[in-house]
Amino acid sequence: MGASFLVADDEPGIRDILKWELESLGHEVVLVCDGSAAVARVQKSEFDVVISDVRMPGLGGIDVLKATKEVAPDTEVIIVTGFADLDAAVECVRGGAFDLVQKPFDVNGLLSIISRALEHRHLRATHVLYETSQAILANQEPQRLPQLVVDMAMKVMVADDVSLMIPDASNRLHVAYSNGLSSSVRAEVQIPLGERVAGRVAVDRKPVLIPNGLDSDSTFHDVPSYRRVRSSIVYPLVAGDRLVGVLNINRTVNLRPFRQQDLERAATVASQALLALENGRLIGQMVASERLASVGQLAAGVAHEINNPVTYVLANHDYLGEKVDTLLRMGALIDQGADITMLRENWERAGGQTFLADFRQVLGEAEDGATRIRDIVRDLRALGRRNDDKHVPVDLNEAVRSALRIAGAELRSRSNVVTRLGDGVQVIGSAGCLSQVFINLLVNASQAVGSQSGGKRDIVVTTGREGDRVIASVSDTGPGILPENLPRIFEAFFTTKDPTAGTGLGLWISHEIIRNHGGEMHVGSPPGGGATFTVVLPTPGGSLATLAGR
Ligand code: ADP
């Protein structure tokens, strides 16, 4: 596709020759004969390159350069001068001109400067796209993705109003992020598929360019406009045949309308956005399946943890049944009017005071067993919940205990676990996610100590509070971590285990969970062996001061 040029020169001969040469190369050319007209044009429309004479009646080339760079910093400006003027040259360089060409110029020489200017502009756009997409791909927090996509579209498309809409299960588009709308307005916007521009684009799955607002658009003039949008590109994000979202890219303040060429750039933005959103979705699925997989791996142990109390709850239930039968028999004796001596004999035979003490004890044990079953079921539910991102007050010790309950059987089979749980370890977070962190750390530690033939098999879990931080650690006496592996330990898919034993996601997910809680996770492994994982979380209302030097 050709580029667009603005040529400002008061000499008709120069204007004509440039128009002829550029149009014969397939470019669009707008001609003006003075500086004021040039400034008015750059404020209204977007050009790839502006070629301006330095001296014209009224405003000169330097003014055109300044005005252009103010509204369109990426537009390349070539200044043509009829005389060698050092001051003008300095001003051109300072103002960001691409080149200064002296008259009389050789047309081929000027054309080669123009083609370099176009290349430069293209590279600049590619660079912005590269940088913004790098930021998106480096992002580790899926919930920030919509905002990063919007930021990228704003920068690359030089737009001032961008929103990303995502469909829900009932075929309505919701605003995932918008730079222009407050979060309360965002929450209210719902567009059924097929309605308004975004809804229609979502159904047709073809991008649209609305250069001059809805009123003047032949396809969308029937859509009422709620606010002044001067120019828009609405792009569907589609993966296979699945609609992932719709990107609304608008200019509301910027007077220069989007052009056909901008659709190409929008296509690149849309494909980057799609890639990022799809990655985010896959990561979400991976996290959920890893969480369920960890429950699956521990299933046998969990069944054991439940079966133990079930066994003694049932045994205690039988025992209590027998005791109740004894009481029923004594009740019958009372009803038959038995005398006190006979009743006392029966009472002593049943065990007397010991009978009642046993009764109480067995009742207490049954309650204890039922509570253990209830707790472990609660732990499992918290762990299996897919969107457990509610942040509520959590006692970190509870998260540790929950992890110990779930991983208990697995741990006891290979290691001795010692817990030293301190006080005041409240944090704000998700109980399920935090317990998943400790399950991962404990299972890793137990696998580490179990992997060696001899030696100690100790795992020590500690929690405590230090000022406005809550610190927890899981240490083991396993073989430790090789120094070359330490920097990679929190990478996704990094594993030294057999593929059937390790996915390499446990520590990565744990690290992510802790980061999402505003905390940090560290690892240490001294030369003699053993590894210590430390989790540092802020106390409620606090945030971690930098932990440099830890
Ligand atoms: P996976 O356990 O599936 O390999 P993780 O992300 O949990 O994935 O752990 C990544 C790697 O970190 C492990 O393969 C192992 O090499 C190392 N690692 C984790 N915890 C310990 C530990 N306590 N002692 C020694 N190495 C460990």
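Order of listing sets the numbers, starting from 1, for every ligand and every atom in it. In this text the structure is predicted, and so the values were computed from the model without any measurement. In this chain, numbering begins with 1 at the start of the sequence shown.
Not counting sequence neighbours, H122 has no partner by the ring-ring contact (aromatic ring centres under 6.0 Å, His included) test.
In this structure, R251 satisfies the cation-pi test against F258, with its NZ or CZ atom closer than 6.0 Å to the six-membered ring centre and inside 45 degrees of the ring normal.
Classification of R121 and E46 as a salt-bridged pair holds, one side-chain N sitting under 4.0 Å from a carboxylate O.
The environment of R420 atom CZ is sparse: at most 12 non-hydrogen atoms of other residues, nucleotides or ligands sit within 6.0 angstrom.
Taking the six-membered ring where the residue is Trp, F533 and F490 present perpendicular rings, their angle passing 60° and hence far from 30°.
If you look at ligand 1, the protein residues with a non-hydrogen atom under 4.0 Å away are N444, A445, A448, D476, G480, I481, I489, F494, T495, T496, K497, G502, T503, G504, L505, G506, L507, A531, F533.
Atom OG of residue S446 and atom CD1 of residue I439 lie 12.5 Å apart, to the nearest 0.5 angstrom.
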